*Asks:* 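Handing you this structure, nothing more for now.
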There are 2 protein chains.
Amino acid sequence: MKTRDKILLSSLELFNEQGERNVTTNHIAAYLAISPGNLYYHFRNKSDIIYEIFQEYEKLVDFYLDIPEDRLLTLDDMTFYLESVFDGLWSYRFFHRDLEYLLDRDPRLRSDYREFTNRCLAAISRIFEKLADAGIVEPQPEGLRAAMSLNVWLVITNWMAFLKTAHAAKASACLTIHELKQGIYQVLTLELPYLTPAYREQVMALREKYRPTMPEQKGMLESPAY
Amino acid sequence: MKTRDKILLSSLELFNEQGERNVTTNHIAAYLAISPGNLYYHFRNKSDIIYEIFQEYEKLVDFYLDIPEDRLLTLDDMTFYLESVFDGLWSYRFFHRDLEYLLDRDPRLRSDYREFTNRCLAAISRIFEKLADAGIVEPQPEGLRAAMSLNVWLVITNWMAFLKTAHAAKASACLTIHELKQGIYQVLTLELPYLTPAYREQVMALREKYRPTMPEQKGMLESPAY
DNA sequence: GACTACCTAGAGTATATACTCTAATAATAC
DNA sequence: GTATTATTAGAGTATATACTCTAGGTAGTC
């Protein structure tokens with residue numbers, strides 16, 4: 001593999017594991033056993049590395065959220081969207097952690113991320129619309145759909161942060177993609193009241209699959225209620 | 001005012017305005033026109049300052065979220081809870097921004113924050129329960145209430161981050177408490193499907209008061225839909 | 001072999017950051 | 001007044017971080 005690609009890959013790995021704030025360019029170089037000079041030959045600065053990683057992330061999510069316009073959506077489609085989005089979130093999980101700082105540092109990133117958010121919100125809203133077309137959820141007026149989509153976005157993008165902060169031990173280590181996907185349970189909770197009678201049972205069953213297994217799993221206290 | 005208190009106050013102010021990551025102990029000292037030595041006479045380190053500020057935050061929210069057990073809740077109570085929580089969020093807004101990093105750095109904070117989260121979740125759930133007692137929302141099984149409460153928590157605590165990242169300009173400056181309170185619109189969106197017919201209209205009207213005024217206001221793109 | 005374009009090493013730098021140390025000054029107690 | 005304690009200044013330090021610079025290698029081409 002080209003050195004340039006190795007830098008991107010290792011940076012992502014280290015960022016995900018330790019947080020962007022805790023990973024310096026020197027760390028990355030040391031991890032790859034190359035010189036700092038070499039790293040800076042391939043990238044002008046740390047921001048550029050992050051920006052390229054973001055572009056990969058963006059491309060991935062855009063690919064996942066492509067919505068077929070020539071047919072109705074199925075429950076399987078919905079499951080796929082949810083699974084995919086959480087997979088993406090997992091692969092680039094460092095990104096949302098230090099988002100605000102990163103956007104403050106790089107105007108390109110801020111502007112791109114804003115558009116990315118808008119595309120995602122539009123996609124979520126469109127999915128709701130098509131789920132209504134398919135008779136899975138009740139149709140809703142556009143305004144409500146927009147507000148609901150925003151709530152879905154908030155839950156999705158911040159579920160990981162919640163898990164990490166609710167964990168007893170240090171955040172980075174003990175978090176699995178399996179736990180992360182319990183976020184799907186939360187998203188489906190949002191949809192619950194809007195389901196049509198025809199699909200209610202099926203979606204409830206799907207939701208059950210993502211139910212947090214153990215109270216302890218979620219890092220919650222001993223509250224047995226949960 | 002005592003120097004010690006001035007340090008806490010100014011730190012909070014600077015953290016809120018610039019982010020904890022961008023504010024050093026030297027900055028704080030310079031801002032107060034005192035020496036670094038003086039600052040470190042009053043606080044062992046930066047973590048201790050943050051920890052004390054967190055304790056104030058905690059105390060404030062706990063005070064707000066005290067739920068009367070001797071009477072039914074009213075819509076005014078609900079409004080008060082929402083307004084208060086967002087006020088608290090605003091006053092200590094630096095905190096949620098760098099939460100993960102802060103918790104990784106200070107085990108005391110991690111453990112305290114975890115319990116704080118659990119108290120808040122329990123309070124939200126209890127509010128739902130009492131809103132059902134008051135006939136404002138339909139009663140729900142405990143499991144659903146817990147999941148709903150968690151969604152409410154996710155929306156509340158991450159609404160500000162969304163606003164800041166959706167903003168076109170640099171995050172810190174152009175964000176007002178007024179905009180922040182549009183988060184209440186989102187929270188009420190969550191409650192919408194669970195309202196009783198008797199209260200539906202009233203809550204819808206309340207929700208309208210927090211509707212984002214202009215599409216531009218929310219930092220969204222030119223999507224007119226929103 | 002010589003020219004060129006690409007790649008790499010590694011020492012080095014300017015700046016920042018959290019924090020320390022000593023000595024001096026103010027406040028209080030007796 | 002004197003002894004003691006609390007507070008403050010300000011220079012200084014160890015470490016880290018993002019990034020630079022020079023010199024040298026390597027690969028391909030003619």
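Proteins get letters first, then strands, A, B, ... in listed order; numbering begins at 1 in each. Model, not experiment: these values are computed from the prediction.
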*Asks:* Please determine whether a side-chain nitrogen or oxygen atom of A/Thr25 lies at a distance below 4.0 Å from atom OP1 or OP2 of D/dC19.
*Replies:* no

*Asks:* Give the nucleotide from the list C/dA9, D/dT17, D/dA18 with an atom nearest to the side chain of A/Ser35.
*Replies:* C/dA9

*Asks:* Check every atom of D/dT17, D/dC19, D/dT8 against the side chain of B/Thr3 and return the nucleotide holding the closest atom.
*Replies:* D/dT8

*Asks:* To the nearest Å, give me how far apart CG (A/Asn38) and C1' (D/dG24) are.
*Replies:* 13 Å

*Asks:* Would the distance check show the side chain of A/Asp77 and the main-chain N or O of A/Leu73 forming a donor-acceptor pair, the cut-off being under 3.5 Å?
*Replies:* no

*Asks:* Tell me whether A/Asn151 contacts the main-chain N or O of B/Gln186 through its side chain, where contact means a donor paired with an acceptor under 3.5 Å.
*Replies:* yes

*Asks:* Can you tell whether the side chains of B/Glu56 and B/Lys59 come within less than 4.0 Å, N to carboxylate O?
*Replies:* no

*Asks:* Closest-nucleotide mapping onto DNA chain D: is B/Lys2 or B/Asn26 further toward the 5' terminus? I mean the 5' end.
*Replies:* B/Lys2

*Asks:* Round to a whole Å and report the spacing from OH of A/Tyr40 to P of D/dT20.
*Replies:* 7 Å

*Asks:* What is the distance from CZ of B/Arg44 to C1' of C/dC19, rounded to the nearest Å?
*Replies:* 12 Å

*Asks:* How many Å lie between CG on B/Leu39 and C1' on C/dT20, as a whole number?
*Replies:* 13 Å

*Asks:* Starting the side chain at C-beta, find the nucleotide from C/dA18, D/dT7, C/dA11 nearest to A/Pro36.
*Replies:* C/dA11

*Asks:* Let me know the distance between OH of B/Tyr41 and P of C/dT22, rounded to the nearest Å.
*Replies:* 17 Å

*Asks:* Distance check needed: D/dA18 P versus A/His42 NE2, whole Å only.
*Replies:* 19 Å

*Asks:* I want to check a possible cation-pi pair here: B/Arg21 against A/Tyr101, using under 6.0 Å from ring centre and within 45° of the ring axis as the test.
*Replies:* yes

*Asks:* CD1 of B/Ile34 versus C1' of C/dC19: gap in Å, rounded?
*Replies:* 14 Å

*Asks:* In whole angstrom, what separates A/Phe43's CZ from C/dC7's P?
*Replies:* 12 Å

*Asks:* With DNA chain D as reference, determine whether A/Asn22 or A/Gly37 sits nearer its 5' end, using the nearest nucleotide of each.
*Replies:* A/Asn22

*Asks:* Does the pair A/Lys46/A/Glu20 count as a salt bridge with the N-to-O cut at 4.0 Å?
*Replies:* yes

